[in-house]
Colleague: 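Take this structure first; my questions come after.
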Amino acid sequence: MTVETTTPTNFIKSIIEEDLRSGKHKTVITRFPPEPNGYLHIGHAKAICINFGLAKEFGGRCNMRFDDTNPAKEETEFVNSIQNDIRWLGFEWGEHLYFCSDYFERFYEMAEHLIKTGKAYVEDLTAEEIREHRGTLTEPGKNSPHRDRGVEENLDLFRRMRAGEFPDGARVLRAKIDMASPNMNMRDPTLYRIRRAHHHRTGDDWCIYPMYDYSHPINDALEGVTHSLCSLEFENHRPLYDWVLDNVPVPCHPQQIEFARLNLTYTVMSKRKLLELVTTKTVRGWDDPRMPTLAGFRRKGYTPESIRDFIETVGVGKADAWIDPSILEDALRNDLNPKAPRMMAVMRPLKLVITNWPEDQVEEVEVPCFPDDALELRTERGLGAPEPASRKVPFGREIYIEQDDFMLDPPKKFFRLKPGGEVRLRRAYIVKCESVVQDDEGRVVEVHCTYDPETRGGNTPDGRKVQGTLHWASARHGVQAEIRLYEPLFSVERPDAEKRDYRELINPDSLTVLQGVVEPGLGQAKVGERFQFERQGYFMVDSDSSTAGKQVFNRIAPLRSGWAKQAGK
RNA sequence: UGACGCGUGGCCAAGCGGUAAGGCAGCGGACUUUGGAUCCGCCAUCCUAGGUUCGAAUCCUAGCGCGUCAGCCA
């Protein structure tokens, strides 16, 4: 039986449905064409989900294609990381892995075709001169003196360009369109430039390389792409995309459709800035959990499912979209709620001594790994019964609780521990605060309590209400662990929109490293395992655990907290 | 003030002439051995101004605002 997955509709989907219904296309073929010059970020995830997602939804396919027409900027390292990230996101392309560079010969042939049909010419002007001739947004450009060169001369010159007879930048091949076009992209755009650089795949076979506007449409057509989906900034290029396909012998004419790219608030997305964050050691690397790269989200603990769900949630439109990270966090919680076993971890330990508890007595407390509602969700989502369903946690005379869970002089509605107050230690006992030990500065360093033997398991046989339930860890059995908390990398919604330099807007509290104590079972957790630390959030074991000599946990996203909101007021 | 595109609540986003879905955020409440989850309730007349129409977010006109484009980058 197939599961009905009703994904929200959008304008691109509507176009495809219509094309299929009308018979314009029998199948849908898309492509994801990154330039291998950097790491993929969350913005790319949108393009990936749209291209691969739509193809999958309509039973078509999406080609993996590297747009490697600029040898000066591209590296093999990136073609690997990009494929890795896309697979991690959950998409595959089978045999359909292509490189734009594989078609260099075809592009060249078609360029000669353009020359022979009088649609392209070799330009001798320098880059600056070309710019001067191009005109401005409000003034038309002027024709180049070489614009009306004869076909034979153009052909000869172009062949010699390929043969390496001219130095870099000496000449270019331009399309002969319209220097007076109101669309700057149509003012005789450059098709080929001379550039002696080692290409990561073709080596030194070529010294002329095609431009994106020329190669992309042809590449799409040669791959039989039906719908060429890209972001809004290429809208102005669509007339050129169509011009190329109309003037060159290609098997089909794909339709370019543009959509708004995804922007996340409180971060930056430009490759230059991301690179700078890395090189200046502002972050630890491309996969720093604070980075908006897919590698960063993965390292932090995000699941592919949650990212796909996030992309689906924000939708596809043509209006600039600035998405709040809370939507991502919500998607993560939604995914992990039934998947992540509950555990107890104390991030900022405060010692609690149970004065009426026998010195060396230890009790094993049984704690369920999932609450009932999460168990139901597991059934709904076909996750089956958790294994194990519960675990035993050692409890003793001295334990740690969260510093935030105790207040000497609390405000109203503070349902936690306070002098003379009672609180439930999760699945253990009800304890009452009898006294505290303070240091010279008045800081509470120890809380002394008595426990009620009748409340084993946290139950209250007498029916009394105990509002607060705290998580805890046995002082003797707990495991030391490093806990890393992350906040947005920037302290303003749109760092790029600010007048100040983005580096001045970095949030000084984007990373908080804590030395906590976690329940013993967490000591065996393996890198990549995810948990919900009760009352705190979702965490994943970081790869540093294998070298740090202790467990390192990344907080993926905090739990929603009514108290945090209230306390923040 | 060139061309193209966009403008629905704090952030996204449905809607395609018949009287404003949904999500996130926020607010209030119920419940709770996670102040989690869950559940209830509240939260917009659709950039502005005209016009067409019995009826407009949807059509027309005129404005306003925002984005993109003057790489031998993609």
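Side chains are part of it too, since the values below use all heavy atoms of this structure and drop only hydrogens, waters and symmetry mates. The sequence lines fix the lettering, A, B, ..., with proteins before strands; numbering per chain opens at 1.
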Colleague: Would you mind pulling out the nucleotide paired to B/G63, Watson-Crick or G-U wobble, both distances under 3.5 Å?
Modeller: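 Answer to the pairing question: B/C47, which forms a Watson-Crick or G-U pair with B/G63.
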Colleague: How should the glycosidic conformation of B/G71 be described, syn or anti, under the criterion that syn lies within 90° of 0?
Modeller: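 Glycosidic conformation of B/G71: syn.
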Colleague: Can you tell me how far apart CE (A/Met344) and CG (A/Leu425) are? Round to the nearest 0.5 Å.
Modeller: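 A/Met344 CE to A/Leu425 CG: 8.5 Å, rounded to 0.5 Å.
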Colleague: How far, in whole Å, is B/G26 from B/G18 if one measures between their P atoms?
Modeller: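 My reading of the P atoms in B/G18 and B/G26 gives 36 Å.
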Colleague: Who are the side-chain contact (heavy atoms from CB on, under 4.5 Å) partners of A/Arg530, not counting sequence neighbours?
Modeller: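 For A/Arg530 the side-chain contact (heavy atoms from CB on, under 4.5 Å) partners, ignoring immediate neighbours, are A/Thr303, A/Leu336, A/Met540, A/Ile556.
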Colleague: Using atom C1' in both nucleotides, what's the gap between B/U68 and B/G9 to the nearest angstrom?
Modeller: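 The answer is 27 Å between these two C1' atoms.
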Colleague: Could you check which nucleotide pairs with B/A30 in any of the strands shown, counting Watson-Crick or G-U wobble with both distances under 3.5 Å?
Modeller: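 For B/A30, the partner nucleotide comes out as B/U38, under the 3.5 Å rule.
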Colleague: Would you say the side-chain atoms of A/Arg193 pair up with the backbone N or O of A/Pro210, donor to acceptor, closer than 3.5 Å?
Modeller: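 It does hold such a pair.
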Colleague: Across all strands shown, which nucleotide pairs with B/U53 by Watson-Crick or G-U wobble geometry, both distances under 3.5 Å?
Modeller: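 Its partner is none (no Watson-Crick or G-U wobble pair with both distances under 3.5 Å).
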Colleague: Take atom P in B/C54 and the same atom in B/C42, then report the distance between them in whole Å.
Modeller: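 Pairwise P distance, B/C54 against B/C42, rounds to 36 Å.
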Colleague: Distance between the P atoms of B/G15 and B/G22, in whole angstroms?
Modeller: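 The answer is 14 Å between these two P atoms.
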Colleague: If the condition is side-chain contact (heavy atoms from CB on, under 4.5 Å), which residues does A/Ala127 pass it with, not counting sequence neighbours?
Modeller: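 Partners of A/Ala127 by the side-chain contact (heavy atoms from CB on, under 4.5 Å) criterion come out as none, since no residue qualifies.
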Colleague: Sugar-phosphate atoms are those with a prime plus P, OP1 and OP2; base atoms are the rest. Using that split, label each nucleotide of nucleotides 7-14 of chain B B, S or - for protein heavy atoms under 4.0 Å, 5' to 3'.
Modeller: ----SSSS
Colleague: State the pairing partner of B/C24; accept Watson-Crick or G-U wobble contacts with both distances under 3.5 Å, and report none otherwise.
Modeller: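 Partner of B/C24: B/G10.
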Colleague: Taking B/C24 as the reference, what is the distance to B/C60 when you measure between their P atoms (whole Å, please)?
Modeller: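 Each nucleotide's P atom is 35 Å from the other's.
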Colleague: Can you check nucleotides 72-74 of chain B for protein contacts, nitrogen or oxygen pairs under 3.5 Å, and list what you find?
Modeller:
unit_1	atom_1	unit_2	atom_2	d
B/C72	OP1	A/Arg134	NH2	3.4
B/C72	OP2	A/Arg134	NH1	3.4
B/C72	O2'	A/Arg195	NH2	3.3
B/C72	N3	A/Gly169	O	3.1
B/C72	N4	A/Leu125	O	3.2
B/C72	N4	A/Ala127	N	3.1
B/C72	N4	A/Gly169	O	3.0
B/C73	OP1	A/Arg195	NH2	2.9
B/C73	OP2	A/Arg193	NE	3.1
B/C73	OP2	A/Arg193	NH2	3.0
B/C73	OP2	A/Arg195	NH1	3.1
B/C73	OP2	A/Arg195	NH2	2.9
B/C73	O3'	A/Arg193	NH2	3.2
B/C73	O2'	A/Asn70	ND2	3.1
B/C73	O2'	A/Lys73	NZ	3.0
B/A74	OP1	A/Thr69	OG1	2.6
B/A74	OP1	A/Arg193	NH1	3.2
B/A74	OP1	A/Arg193	NH2	3.0
B/A74	OP2	A/Tyr212	N	3.0
B/A74	O3'	A/Asp67	OD1	3.4
B/A74	O3'	A/Asp67	OD2	3.4
B/A74	N6	A/His237	NE2	3.3

Colleague: Just to verify, what does A/His216 make a ring pair (Phe, Tyr, Trp, His ring centres under 6.0 Å) with, not counting sequence neighbours?
Modeller: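 If we apply the ring pair (Phe, Tyr, Trp, His ring centres under 6.0 Å) test to A/His216, skipping adjacent residues, the hits are A/Tyr212.
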Colleague: In chain order, what residues pass the side-chain contact (heavy atoms from CB on, under 4.5 Å) check against A/Val423, with sequence neighbours excluded?
Modeller: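 For A/Val423, the residues satisfying side-chain contact (heavy atoms from CB on, under 4.5 Å) (neighbours in sequence not counted) are A/Leu417, A/Val431, A/Leu470.
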Colleague: Roughly how far apart, to the nearest Å, are B/U8 and B/G2 at atom P?
Modeller: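 The same atom, P, in both gives a distance of 24 Å.
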Colleague: Going by the rule side-chain contact (heavy atoms from CB on, under 4.5 Å), which residues pair with A/Ile177 if we only count those two or more places apart in sequence or in a different chain?
Modeller: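 side-chain contact (heavy atoms from CB on, under 4.5 Å) check on A/Ile177 returns A/Ala175, A/Met186, A/Asp188, A/Pro189, A/Leu240, A/Trp243.
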Colleague: Could you tell me which nucleotide pairs with B/G2 by Watson-Crick or G-U wobble geometry, both distances under 3.5 Å, or answer none if nothing does?
Modeller: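 Result: B/C69.
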Colleague: Would you mind pulling out the nucleotide paired to B/C16, Watson-Crick or G-U wobble, both distances under 3.5 Å?
Modeller: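 WC or wobble partner does not exist here.
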Colleague: Distance check needed: B/G5 C1' versus A/Gln256 CD, whole Å only.
Modeller: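 Atom-to-atom, A/Gln256 to B/G5, this comes out as 13 Å.
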Colleague: Between N or O atoms, less than 3.5 Å apart, protein on one side and nucleotides 31-41 of chain B on the other: list the pairs.
Modeller:
unit_1	atom_1	unit_2	atom_2	d
B/U33	O4'	A/Arg424	NH1	3.0
B/U33	O2'	A/Arg426	NH2	2.3
B/U33	O2	A/Arg427	N	3.2
B/U33	N3	A/Gly457	O	2.3
B/U33	O4	A/Gly457	O	2.1
B/U33	O4	A/Gly458	N	3.1
B/U33	O4	A/Gly458	O	3.3
B/U33	O4	A/Asn459	N	2.6
B/U33	O4	A/Asn459	OD1	2.5
B/U33	O4	A/Asn459	ND2	3.2
B/U34	O4'	A/Glu534	OE1	3.1
B/U34	O2	A/Gln532	OE1	2.8
B/U34	O2	A/Arg535	N	2.8
B/U34	N3	A/Gln532	OE1	2.5
B/U34	O4	A/Arg342	NE	2.4
B/U34	O4	A/Arg342	NH2	2.9
B/G35	OP1	A/Arg535	NH1	3.0
B/G35	O2'	A/Gly562	N	3.1
B/G35	O2'	A/Trp563	N	3.3
B/G35	N7	A/Arg416	NE	3.0
B/G35	N7	A/Arg416	NH2	2.9
B/G35	O6	A/Phe415	N	3.0
B/G35	O6	A/Arg416	NE	3.2
B/G35	N1	A/Lys413	O	2.7
B/G35	N1	A/Phe415	N	3.4
B/G35	N2	A/Lys413	O	3.1
B/G36	N1	A/Asp373	OD2	3.1
B/G36	N2	A/Asp373	OD1	3.0
B/A37	OP1	A/Arg560	NH1	2.9
B/A37	N3	A/Asp373	OD2	3.3

Colleague: Does the structure show a Watson-Crick or G-U wobble partner for B/A74, both distances under 3.5 Å? Name it, or say none.
Modeller: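 Pairing partner, where one exists within any strand: none, as none qualifies.
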Colleague: Tabulate protein N/O versus nucleotide N/O from nucleotides 1-4 of chain B, keeping only pairs under 3.5 Å, one per line.
Modeller:
unit_1	atom_1	unit_2	atom_2	d
B/G2	N9	A/Leu137	O	3.2
B/G2	N2	A/Pro182	O	3.4
B/G2	N3	A/Leu137	O	3.3

Colleague: Kindly state whether the ring of A/Tyr538 and the ring of A/Phe531 have centres lying under 6.0 angstrom apart.
Modeller: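 Ring centroids of A/Tyr538 and A/Phe531 are no less than 6.0 Å from each other.
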Colleague: Let me know which of A/Thr69, A/Asn70, A/Asp168 forms a side-chain hydrogen bond (donor to acceptor under 3.5 Å, both in side chains) with A/Arg195.
Modeller: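 The side-chain hydrogen bond (donor to acceptor under 3.5 Å, both in side chains) with A/Arg195 is passed solely by A/Asn70 among A/Thr69, A/Asn70, A/Asp168.
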Colleague: Does A/Phe490 have any ring pair (Phe, Tyr, Trp, His ring centres under 6.0 Å) partners at least two apart in sequence or in another chain, and if so, which?
Modeller: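 Result, ring pair (Phe, Tyr, Trp, His ring centres under 6.0 Å) vs A/Phe490: none returned.
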Colleague: A quick test of your reading: do over 12 heavy atoms of other residues, nucleotides or ligands sit less than 6.0 Å from NZ of A/Lys318?
Modeller: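 Yes, the 6.0 Å shell around NZ holds more than 12 heavy atoms from other groups.
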Colleague: Suppose we screen for ring pair (Phe, Tyr, Trp, His ring centres under 6.0 Å). Which residues come up paired with A/Phe370, at least two apart in sequence or across chains?
Modeller: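 By the ring pair (Phe, Tyr, Trp, His ring centres under 6.0 Å) rule, A/Phe370 matches no residue at all.
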Colleague: Within 45° of the axis and under 6.0 Å from the centre of the six-membered ring of A/Tyr98, does NZ or CZ of A/Arg31 qualify?
Modeller: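 Here A/Arg31 fails the 6.0 Å and 45° test against A/Tyr98.
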Colleague: Provide the full list of ring-ring contact (aromatic ring centres under 6.0 Å, His included) pairs with a residue in residues 167-195 of chain A, sequence neighbours left out, each pair given once.
Modeller: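 Listed once each, the pairs are A/Phe158-A/Tyr192, A/Tyr192-A/Tyr214.
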